[in-house]
Amino acid sequence: MSYSKIYLPKASFSSGYAYQSSLHARDQSHRELSRSNSTSHVKVDQLLSVSNQLGQNINTRRRVRGIYRCLSEGNWAQHRKLDNLGFIDRQKLPSKYSTVMRTRAGFKSEEHDVTGTDSDSLASSEGAGEAVLLGVEQIKPFRKQFPKRWVMVLLCFSAFLLCNMDRVNMSIAILPMSKEFNWNSATVGLIQSSFFWGYLLTQIVGGIWADKIGGKLVLGFGVVWWSVATVLTPIAARLGLPFLLVMRAFMGIGEGVAMPAMNNLLSKWIPVSERSRSLSLVYSGMYLGSVTGLAFSPILIHKLGWPSVFYSFGSLGSIWFALWLSKAHSSPQEDPNLSLEEKELILGGSTFKEPVTEIPWMKILSKAPVWALIISHFCHNWGTFILLTWMPTYYNQVLKFNLTESGLLCVLPWLTMAVFANIGGWIADTLVSKGFSITSVRKIMQSIGFLGPAFFLTQLSKVKTPALAVLCMACSQGCDSFSQSGLYSNHQDIGPRYSGVLLGLSNTAGVLAGVFGTAATGYILQKGSWDDVFKVAVVLYIIGTLVWNIFSTGEKILD
């Protein structure tokens, strides 16, 4: 990296000082700035001369003093003042991020009689002040450059990471807990399902809250609520089964508001050109949270006992909440530190609208694309929950893996989904930037999310080796994750102001699909085979594909 430096020593000016050609000074400064491998020392009286002409113009004299004040304070944001006076040619500056850095105590600008009878001077408290104009290739620090909208995305990503870490830890801890408290299989199933009691309760309510009071408060409340419930789980377990069931339902209440609140936040912070990859990154936090929880829970249980899983995972929420309070805002308009350039990019010329006060339920439920979201979400989650819930049993009964191998292989689909979700997000946003309509992109991505899993599930009955079966399962989940750029992004497309409510509606259907699908799978296995389980999922995938491609849209239908 190379620089051009301009040293500005102490100088004084008087209104009677003869004006040396300002054009010559401009050319000289341009030549000095364009040299990339040398430094030049240019005296101030060669760069700026105060002439009789300047002395007769009071406004111009003030502008000259403003220039030196700008340089003395090291504020390159005032660079335009120099540009307006003609001393800097933007076309000859290679970088728009040129900065001024102050290396000495700086200039002290003194006020004088504006009539011109007194002289204007710049006096340093140390006798000589100088500022360095660093140009040319230097860019702003990374902290200032990193977009605030992606700070919000990363905070949501980390919230969802904690969300699934706190959710899956029970699936590991339930084994030593059931031995300690003498729980049978029916009790274990009851405990596992109690989470969904609260989770179902707050899907729609969380969306309404987020759309009315802002996603920051709702998501912050959710993380604190479920973190506290996680920490209190060992205490509740020792008090008795009813207390544990209530605590797991409380945890579901906290996690139930997370997705609607996140959807509301990103609908305000993320422009449509970045919508798919931002949502994909956030949802991949859920997948990686499952991987992290499944990986670290056995270690903690072995070293410190099963309560340590709940204490350690739950306490991480306090760290996240402290960052959330200091960094997050419900909308770009509420962030006082957001740059004007980024705000314009986010808003895209749209006008600011106040948070909703009433939810137009009749209008929402009368729209065919809304029902396309609800039905497609149900069909999607039926297959997804079956695979994620019954996969260890399938590995053990059909592929003859032992429990340890089954646990390790359960991590593979989550990793596959985390990778392919982000690939799908980048593909979707690239298609939008290339001129594809949002409707076409959403239909393409969701069709992959439906037909890909349907194809690989039909191949499971044909494969002959466990390795190929695992590969089919992983590919099925990889294709499934393209739904993040399909139906999961569509709530913000069709109704950005009501995106929290829309996600609450569709995800309620999705959770019901998981509850009914998990129960139905057990019934089917009693009467039939795994092929019958996969056939039901394939049929629902095909129904979802037809409904989605006929009735969905990427255009705004709710304002």
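Closest non-hydrogen pair, Val231 versus Ser315, comes out as CG2-N, 4.0 Å. What you find for Cys472 and Phe456 is that their closest heavy atoms are O-CB, 3.6 Å. Nearest heavy atoms, Leu219 versus Cys156: CD2-SG, 4.1 Å. In terms of heavy atoms, Thr233 sits closest to Ala229 at OG1-O, 2.8 Å. Between Thr416 and Ala474, the closest heavy-atom pair is CG2-O, 3.2 Å. Minimum interatomic distance between Tyr283 and Phe160 (heavy atoms only, all atoms of both residues): CE2-CE2, 4.3 Å.
Between the CG atom in Asn264 and the CG atom in Leu502 there is a gap of 11.0 Å [rounded to 0.5 Å]. To the nearest 0.5 Å, atoms CG (Asn263) and CG (Asn507) are separated by 9.5 Å. Between the CD1 atom of Ile374 and the OG atom of Ser376 there is a distance of 10.0 Å, given to the nearest 0.5 Å. Annotation: the span from Lys327 atom NZ to Asn337 atom CG amounts to 8.5 Å, rounded to 0.5 Å. Of the inter-residue distances, the one linking Phe157 atom CZ with Met152 atom CE reads 15.5 Å to the nearest 0.5 angstrom. Note that CZ of Phe551 and CH2 of Trp371 are 12.5 Å apart. Values are rounded to the nearest 0.5 Å.
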Test Ser276 against Arg442 for side-chain hydrogen bond (donor to acceptor under 3.5 Å, both in side chains), laying out the working first. CA-CA 9 Å; Ser276 296; Arg442 299 291 177 247; 2.9 Å; yes
Determine whether Asn169 and Ser297 satisfy the following criterion, side-chain hydrogen bond (donor to acceptor under 3.5 Å, both in side chains), listing intermediate values before the conclusion. CA-CA 6 Å; Asn169 58 10; Ser297 292; 5.8 Å; no
Stepwise, does the side-chain contact (heavy atoms from CB on, under 4.5 Å) test hold for Ser485 with Leu279? CA-CA 7 Å; Ser485 305; Leu279 275 171; over 6 Å; no
Could you go through the side-chain hydrogen bond (donor to acceptor under 3.5 Å, both in side chains) check for Ser339 and Glu341 one step at a time? CA-CA 5 Å; Ser339 67; Glu341 179 182 2; 5.4 Å; no
Just do the side-chain hydrogen bond (donor to acceptor under 3.5 Å, both in side chains) check on Asn549 and Ser447 with the steps written out, would you? CA-CA 8 Å; Asn549 283 279; Ser447 295; 3.1 Å; yes
For side-chain contact (heavy atoms from CB on, under 4.5 Å), just list the numbers for Trp269 and Trp150, CA-CA rounded to whole Å, side-chain angles, deciding distance to a tenth of an Å, and then say yes or no. CA-CA 9 Å; Trp269 274 96; Trp150 282 94; over 6 Å; no
Apply side-chain contact (heavy atoms from CB on, under 4.5 Å) to the pair Leu162 and Trp320, showing each step before the final yes or no. CA-CA 9 Å; Leu162 295 177; Trp320 179 91; 3.8 Å; yes
Assess whether side-chain contact (heavy atoms from CB on, under 4.5 Å) is satisfied between Trp324 and Val223, documenting all intermediate values. CA-CA 10 Å; Trp324 184 251; Val223 174; over 6 Å; no
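Between the side chain of Ser330 and the backbone N or O of Lys216 there is at least one donor-acceptor pair closer than 3.5 Å. A donor-acceptor pair under 3.5 Å links the side-chain atoms of Thr458 to the main chain of Phe455, judged by distance alone. Under a 3.5 Å cut-off, the side chain of Gln446 and the backbone N or O of Leu487 do form a donor-acceptor pair. Between the Ser171 side chain and the Val168 main chain, a donor and an acceptor come within less than 3.5 Å of each other. Counting only distance, with no hydrogens or angles, the side chain of Asn422 and the backbone of Ala418 share a donor-acceptor pair below 3.5 Å. The backbone N or O of Phe436 sits nowhere less than 3.5 Å from a side-chain atom of Ser440 that would complete a donor-acceptor pair. Although no hydrogens or angles enter the test, the distance criterion places no donor-acceptor pair under 3.5 Å between the side chain of Lys556 and the main chain of Ile494. In this structure, Ser331 contributes its side chain and Lys268 its backbone to no donor-acceptor pair below 3.5 Å. Asp532 places no side-chain N or O within donor-acceptor distance of the main-chain N or O of Leu525, the cut-off being under 3.5 Å. Here the side chain of Ser499 pairs no donor or acceptor atom with the backbone of Gly495 at under 3.5 angstrom.
The aromatic rings of Phe196 and Tyr199 stand perpendicular to each other, their planes meeting at an angle above 60°, with 30° marking the opposite boundary. The aromatic rings of Tyr488 and His377 sit perpendicular, their planes meeting at an angle over 60°, well past the 30° parallel limit. Classification of the Phe420-Phe482 ring pair by plane angle, with boundaries at 30° and 60°, yields tilted.
The environment of Phe250 atom CZ is sparse: at most 12 non-hydrogen atoms of other residues, nucleotides or ligands sit within 6.0 angstrom. Counting non-hydrogen atoms of neighbouring residues, nucleotides and ligands closer than 6.0 angstrom, the CZ atom of Phe243 reaches no more than 12 such neighbours.
Side-chain contact between Leu345 and Arg149 is present, with at least one heavy-atom pair separated by less than 4.5 Å. Annotation: side chain of Pro369 is not in contact with side chain of Ser552 (no heavy-atom distance under 4.5 Å). In this structure, the side chains of Asp531 and Leu460 stay at 4.5 Å or more apart for every pair of heavy atoms. The shortest distance between side-chain heavy atoms of Asn164 and Trp414 falls below 4.5 Å. Using a 4.5 Å heavy-atom cutoff, the side chains of Phe221 and Leu217 are not in contact. In this structure the side chain of Trp197 reaches within 4.5 angstrom of the side chain of Ser194, judged on heavy atoms. The side-chain heavy atoms of Ile524 and Val536, taken from C-beta on, include a pair separated by under 4.5 Å. For the pair Tyr498/Ile359, a side-chain contact is recorded, criterion being any heavy-atom separation below 4.5 Å from C-beta on.
Aromatic pair Tyr541/His380: ring centres not closer than 6.0 Å. Note: Phe450 and Trp548 fail the aromatic proximity criterion, with ring centroids not under 6.0 Å apart.
Residues that satisfy the side-chain hydrogen bond (donor to acceptor under 3.5 Å, both in side chains) test with Arg275, not counting sequence neighbours, are Gln492, Asp493.
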Can I get a per-line list of side-chain donor-acceptor pairs under 3.5 Å for residues 251-262, giving both atom names and the distance, sequence neighbours left out?
residue : atom : partner : partner atom : Å
Glu255  : OE1  : Arg167  : NE           : 3.1
Glu255  : OE1  : Arg167  : NH2          : 3.2

